[in-house]
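Reminder, nothing fancy here: chain letters follow the sequence lines and each chain counts from 1.
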There are 2 protein chains.
Amino acid sequence: MDLRLFRSFLEVAETRNFTRAAARIHLAQSALSQQISLLERDLGVRLFHRTSRSVTLTEAGTALVPLARDLLRRTERIRAEMDALAGLERGTLLIGLLQTPTPVFDIVDLLGTFRDAHPGIELHVTDAPSEVMTARVASGDLDLAIVGLAHDEVPADLDYVPLAVEPLVAVTAADGVLDGTDPEALATSRPLARSCTSRRARASGGASRRRSRAPG
Amino acid sequence: MDLRLFRSFLEVAETRNFTRAAARIHLAQSALSQQISLLERDLGVRLFHRTSRSVTLTEAGTALVPLARDLLRRTERIRAEMDALAGLERGTLLIGLLQTPTPVFDIVDLLGTFRDAHPGIELHVTDAPSEVMTARVASGDLDLAIVGLAHDEVPADLDYVPLAVEPLVAVTAADGVLDGTDPEALATSRPLARSCTSRRARASGGASRRRSRAPG
DNA sequence: TCAGCTTACGAGGATCGTAAACATC
DNA sequence: GATGTTTACGATCCTCGTAAGCTGA
């Protein structure tokens, strides 16, 4: 039994006119006619007295009106309840993600788990250099981003949670060029690794906007 | 929205097993799977957590169980209500009808009117000679019969209502053979017309029963 | 490997809309 | 004849079942 039949029935009951009821629910009048007779056959009672000039409710039809109304109201409530449970879990989450694979935790698995738990939320993932993504989070173009930055590189107006700490390693040829260099001093005074990141960030800095052209 | 989806949902919720639930409602397992995902898409929430080895209700699914049960119970009540309103007007009426057209009242129109007023009642019309039909009414093979009999020809154990009185007319060649005969005397002493009826009744008397043969 | 859910896809059935038939005012 | 419902019928959509695919124990 399809609930649409009750909806159609109520519409006819209210308008007492198949043609107008059909127009209201965006259906051909014949289709509505078929729906009503299907409902009548299903319930085993005649719901309307129809002459070619007037439509009136039978006793059974009169009895059905409040029952059908109640049933439809309840299904609406079920929908509302489900919506409420989906609750805030409806919408779109814009995520910035470093293209660099992070071996410390499985981001793909994480997203999959999230998706299972919150199927109502659409996930949009983009990637960009860390500095660009933090800027986009600041401007609202992204909801969150997973970036690779040192603590002091995170803009002050953004919140952040450290997910993993990766050692910064200097790799050189085995000619002993770094022999005797203090690692601490190397990290702070000679930004070898970071300079790469910075350069890449500048190079691909501006967000490219796609332009659409109106036809004609 | 089809109420069958809720029924299917409840079955899966109870068995926690698509295969068994499908068997219970006489559906292919894939069809049930499709129904559930249709319901989930319709309501915008995931109702079950499925791994390939276990099916468990989500929060939304848990909330839906009593709501769906309630909805189905209410539709059952609607059906019961409609059945009650159809009331006694449900069943089959076996009518015996003289093949002879009766110009006194329109039997076809009468049946049509009845059918409109009591659409829940199936009408089965058969015909046979009047005497056979009265016998069938007596034996319960017919619910009622419209026959052509004189008052004194109706079996004493049957009720009857005169619907029309038709004159019994003797038609002869115009040779004056009946000239001077008293009509009253003719009807009582010389059963011209009635003898035909009686002979026909004997000829087609026994009801033929169809025999069915068991296969093998 | 097995149990069990999902996906793919073709067949059959259901539903819709157009159009004709039919019935009252 | 106008208005309004039902009936006829073809096209489309939907739902089912078979079979293959996929996944976790």
Side-chain angles (χ1 to χ4, degrees), chain A residues 1-43 45-58 60-61 106 108-113 115-117 119, chain B residues 1-58 60-61 106 108-109 111-113 115-117 119:
Chain A
M1 156 117 358
D2 196 324
L3 287 171
R4 289 181 313 154
L5 297 185
F6 287 119
R7 165 119 294 291
S8 298
F9 161 73
L10 285 179
E11 212 64 53
V12 176
E14 277 175 26
T15 62
R16 278 142 203 269
N17 178 308
F18 278 64
T19 306
R20 258 174 294 153
R24 276 208 208 174
I25 51 188
H26 307 295
L27 214 63
Q29 187 270 342
S30 73
L32 178 59
S33 201
Q34 290 172 51
Q35 283 194 356
I36 298 299
S37 47
L38 178 65
L39 183 60
E40 288 180 326
R41 227 175 317 143
D42 191 339
L43 294 177
V45 288
R46 203 149 188 84
L47 297 169
F48 296 105
H49 292 300
R50 307 87 139 155
T51 69
S52 65
R53 296 302 274 182
S54 76
V55 172
T56 57
L57 284 162
T58 62
D106 188 346
V108 175
D109 180 63
L110 191 67
L111 288 179
T113 302
R115 217 189 139 60
D116 282 348
Chain B
M1 157 117 359
D2 196 323
L3 288 171
R4 288 180 316 153
L5 298 186
F6 287 118
R7 166 119 295 288
S8 298
F9 161 74
L10 285 179
E11 212 64 53
V12 176
E14 278 175 27
T15 62
R16 276 142 205 269
N17 179 307
F18 278 65
T19 308
R20 260 174 294 155
R24 276 209 208 172
I25 51 188
H26 305 295
L27 215 63
Q29 188 270 339
S30 73
L32 178 59
S33 201
Q34 289 172 51
Q35 283 194 355
I36 298 299
S37 47
L38 179 65
L39 183 60
E40 289 179 325
R41 226 176 317 143
D42 191 340
L43 293 177
V45 287
R46 202 149 187 86
L47 297 169
F48 296 104
H49 291 300
R50 305 93 136 149
T51 70
S52 66
R53 297 300 276 181
S54 76
V55 172
T56 57
L57 283 162
T58 61
D106 187 347
V108 175
D109 180 61
L111 289 179
T113 303
R115 218 188 137 59
D116 282 347

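The side chain of R50(A) contributes no N or O atom lying less than 4.0 Å from OP1 or OP2 of dG4(D).
Atom-to-atom, CE of M1(A) to P of dA14(C) comes out at 15 Å; the value is rounded to the nearest Å. Distance, R4(A) CZ to dC13(D) C1': 11 Å, rounded to whole Å. Put simply, CG on L27(A) is 14 Å from C1' on dT18(C), counting in whole angstrom units. For the pair D42(A) CG and dT15(C) P, the computed distance is 10 Å after rounding to whole Å. As a whole-Å value, the separation of R41(B) CZ from dT7(C) C1' is 12 Å. For H49(B) and dC5(C), the NE2 to C1' distance is 16 Å, given to the nearest whole Å. If you measure from atom CD of E40(A) to atom P of dT6(D), you get 8 Å, rounded to the nearest angstrom. If you measure from atom NE2 of H26(A) to atom P of dG17(C), you get 11 Å, rounded to the nearest angstrom.
Evaluation of the ring-ring contact (aromatic ring centres under 6.0 Å, His included) rule for F9(B) yields F48(B) as partners, not counting sequence neighbours. For Q34(B), the side chain to side chain donor-acceptor pair (under 3.5 Å) criterion is met by no residue, not counting sequence neighbours. For R4(A), the side chain to side chain contact (heavy atoms under 4.5 Å, CB included) partners two or more places apart in sequence, or in a different chain, are D2(A), Q35(A). Remark: D42(A) pairs with R79(B) by the side chain to side chain donor-acceptor pair (under 3.5 Å) rule, at least two apart or across chains. For T56(A), the side chain to side chain contact (heavy atoms under 4.5 Å, CB included) test picks out H49(A), with sequence neighbours left out. A search for side chain to side chain contact (heavy atoms under 4.5 Å, CB included) contacts involving A31(B) returns L27(B), A28(B), not counting sequence neighbours.
Residues from residues 29-38 of chain A lying near DNA chain D, meaning a heavy-atom separation below 4.0 Å, are Q29(A), S30(A), S33(A) in numerical order. DNA chain D lies under 4.0 Å from at least one heavy atom of each of the following residues of residues 12-24 of chain A: N17(A), F18(A), T19(A).
Between the axis at the start and the axis at the end of the helix from dT1(C)-dA25(D) to dC25(C)-dG1(D) there is an angle of 30°, using five pairs per end and rounding to 10 degrees.
Taking CG of L32(A) as the reference point, atom CG of L38(A) lies at 11.5 Å (rounded to 0.5 Å).
Contacts classified as salt bridge (Lys or Arg N to Asp or Glu O under 4.0 Å) and involving residues 18-30 of chain B (residues at least two apart or in different chains) are given here: E11(B)-R24(B), E14(B)-R24(B).
Contact annotation: the side chain of V45(A) never approaches that of T58(A) to less than 4.5 Å [non-hydrogen atoms, C-beta and beyond]. For the pair R50(A)/I36(A), a side-chain contact is recorded, criterion being any heavy-atom separation below 4.5 Å from C-beta on.
Side chain of E40(B) to backbone of L47(B): a donor-acceptor contact under 3.5 angstrom is found.
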